[in-house]
Q: 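Handing you a structure now.
What's counted below: heavy atoms across the whole structure, side chains too, no hydrogens, waters or symmetry copies.
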Amino acid sequence: MRPLDNIITTTEQILGTKILEPVRCSSLLPAYITEIPDLTPPEDIAYLVRKGVFDIPDVALRNELLVTFVRNVHPYMPLLDISPFIDAIESNGRRGKVSLLLFHAVMFSSAAFIEPGNRNSDWLVSRKQHRQGFYEKAKILYNFDIETDRIVLIQVALLLTYWHEAPDDPKDARYWLEIGLSCAITIGLNCEPDPTLTPAMQRLRRRLWWCLYTRDQLVAFTLRQLPMIRGDVQNLSLLTLNDFEFLDPIRSGTDVTNHLGFKMARSTHYQKQWSQIFIEKTKFCTIISHVIAVDCSTMLADCDQLQACDMKLDSWNAALPIGVQYQPPTYLEISEAESSLLAYQAWLRILFLAAKCLLCRLQRPKRGEIISKRALLLDVADVQTQDTIQGITNITESLDSTDSIHYLPTTAVALLLPVVTIHVLNIRSGNTDLWTAGFRSFHCCLKALKRMGKIYMIAETVAHFLESAICGDSLGHKVIEIWPRAPWLFEKVLTNNELRCLRRTIGYE
């Protein structure tokens, strides 16, 4: 009996009714999905059916999520060959098939970015629940080992790193990165591709490794932990534009590629800009890796090493091509493709400013030293630190005003936390100038976090805590009672000094 027949038989037993032929094709496995291997015992099939892993979104939602993936996810991590992936779905399997595991991972990664005007209000209200549902389906399928292609497993693992909403979930971003890295090393993805492979596969392997590398470095950077990929692990040259797939925007499709958003996103102009930004991001990550090593070291910071990193960052920033540099928009009404590109440019700029801020924090005070609230306030009043913090705040405000803030990845929440912390300290500093600027900037960042909270649960949690700490708890709790409910991200991201001073500032110590 074929695997699909097994599924049908088990489903009939669960539902207690006979499943008709049309239902078998449309609601279990569409023709464009690769058939899953024969799973035994039958109880496993029944479990998968109950968990809804064979449920595919309706065509309208599926197409919207595919377009959203091409426009908002793929530029940040170009880990797919988009053309064959879309062709398989558009042709309903006549021009290829896609993995069910990879399909759910793609749906999960793009569910966060569905535009408010594109879906009904009920779906938008439960957007986070839909996103979690796709994630759970992919996680279950991975646990059942239905996929053996390591390239697919790496692609899936990278996409699932964007789920780290629950602090007690052991399958966090680092868990999935470890899986992806293990598979990558096994197939030699960290070395130059075999020249006997097709040009498309060579390009894909190179992009896939650098997706792993940048994701690992940025997760380590935002969460203040050592990355898994060190300099001696890879033997691969930097990417060039020749490593990217550029689609012809004029294509004859049936539903997905005829979508206006797809055509705009895949225009040659946007494709090359997004690709160039990713190339510059890889260069940034090779520099920031040295800063991360110093940050996570138990030894005192080497000033010469930090200054060398600072100079490399400045040189990298000065050499950015025009299409990569962030420029605040001169008007508020911009297209979806322009919003996505603006957010990506802004994200690269935020990373640069956050790295500069981290270098300042590493150089003062000394790591093992616990300083007073007053000493830290004097320290954060440093012009360079304040300018950097305000620069990130201004970018956040600009993205919010153009309705582009939701295009930022979930790691942006972690990068905003030290910024908001400084604003809180400025508000409670007693310095009139710092108080005025700090309160306005705090309100701006809080508003951005609330907007991001419609997509990411951790952003919603952080925003609620910060609002309660400054404005008071709506339930009548005293400020001193708020800290025990502080999100886990505070302990993860802030330095010991910042954490101690923030506790004192809100009255917990």
Q: Can you tell me if S110 uses its side chain to pair, donor with acceptor, with the backbone of L65 under 3.5 Å?
A: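 At least one qualifying donor-acceptor pair exists.
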Q: Of all residues at least two apart in sequence or in a different chain, which pass the side-chain hydrogen bond (donor to acceptor under 3.5 Å, both in side chains) check with N394?
A: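 Result, side-chain hydrogen bond (donor to acceptor under 3.5 Å, both in side chains) vs N394: Q390.
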Q: Nearest 0.5 Å, what's the CG-OG distance between L320 and S315?
A: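 L320 atom CG to S315 atom OG measures 11.0 Å (nearest 0.5 Å).
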Q: Compare all side-chain heavy atoms of D87 with those of R94 and state whether any distance is below 4.5 angstrom.
A: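 Answer no - side chains too far apart.
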Q: Please list, chain by chain and in numerical order, all residues satisfying side-chain hydrogen bond (donor to acceptor under 3.5 Å, both in side chains) with T222, sequence neighbours excluded.
A: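 side-chain hydrogen bond (donor to acceptor under 3.5 Å, both in side chains) check on T222 returns nothing, list empty.
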Q: Can you tell me how far apart OG (S340) and NE2 (H74) are? Round to the nearest 0.5 Å.
A: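 If we round to the nearest 0.5 Å, S340:OG and H74:NE2 are 11.5 Å apart.
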Q: Cation-pi check for Y76 against R215: NZ or CZ below 6.0 Å from the six-membered ring centre and within 45 degrees of the axis, yes or no?
A: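 The answer is no, since R215 fails at least one limit relative to Y76.
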Q: Measure the CZ-CG distance between F85 and L102 for me, rounded to the nearest 0.5 Å.
A: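 CG of L102 is found 5.0 Å from CZ of F85.
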Q: Rounded to the nearest 0.5 Å, what separation is found between the CG atom of L100 and the CD atom of E35?
A: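 So the CG of L100 and the CD of E35 are separated by 11.5 Å.
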Q: Is there side-chain contact between K51 and E136, with at least one heavy-atom pair below 4.5 Å?
A: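 With C-beta onward as the side chain, the pair stays apart.
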Q: Do V53 and F144 pass the side chain to side chain contact (heavy atoms under 4.5 Å, CB included) test, and can you show the C-alpha distance, the side-chain angles, and the key distance before you say yes or no?
A: CA-CA 11 Å; V53 298; F144 272 81; over 6 Å; no
Q: Mark yes or no for whether Q217, through its side chain, and I229, through its backbone, hold a donor-acceptor pair below 3.5 Å.
A: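 It does hold such a pair.
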Q: F221 vs F284 aromatic rings, parallel, tilted or perpendicular, using cut-offs 30° and 60°?
A: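 Perpendicular: the ring planes of F221 and F284 meet at over 60°.
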Q: Search all heavy atoms of Q273 against all heavy atoms of G323 and return the closest pair with its distance.
A: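 In this case the closest contact between Q273 and G323 is NE2-O, 3.2 Å.
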Q: Distance only, no hydrogens: is a donor on one side chain within 3.5 Å (strictly under) of an acceptor on the other, for S398 and Y326?
A: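 A donor-acceptor contact under 3.5 Å links the two side chains.
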Q: On the 0 to 90° scale, with breaks at 30° and 60°, tag the F108-Y135 ring pair as parallel, tilted or perpendicular.
A: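 F108 and Y135: tilted rings.
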Q: Between F352 and W316, what is the ring plane arrangement, given parallel below 30°, perpendicular above 60°, and tilted in between?
A: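 Correct class here is tilted.
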Q: Nearest 0.5 Å, please: how far is CZ in F113 from CZ in R71?
A: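 Spacing of CZ (R71) from CZ (F113) equals 10.5 Å.
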Q: Output yes when a side-chain donor or acceptor of N143 lies under 3.5 Å from a complementary backbone atom of K139, and no otherwise.
A: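 Answer holds: yes.
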Q: Please name the residue in the list R206, R205, R203 that meets the side-chain hydrogen bond (donor to acceptor under 3.5 Å, both in side chains) test with D243.
A: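 The option that passes is R206.
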Q: Which class fits the ring pair W176 and Y142: parallel under 30°, tilted 30 to 60°, perpendicular over 60°?
A: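 The arrangement is perpendicular - the two ring planes meet at more than 60°.
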Q: Please determine whether ring pair (Phe, Tyr, Trp, His ring centres under 6.0 Å) holds for the pair W209 and Y213, giving the CA-CA distance in whole Å, both sets of side-chain angles, and the decisive distance to 0.1 Å.
A: CA-CA 6 Å; W209 171 259; Y213 179 84; 7.2 Å; no
Q: What's the separation between atom OG1 in T240 and atom CD in Q276, rounded to the nearest 0.5 Å?
A: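 T240 atom OG1 to Q276 atom CD measures 9.5 Å (nearest 0.5 Å).
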Q: Taking side chain as C-beta onward, heavy atoms only, is V106 less than 4.5 Å from V73?
A: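 SC-SC contact between V106 and V73 ruled out.
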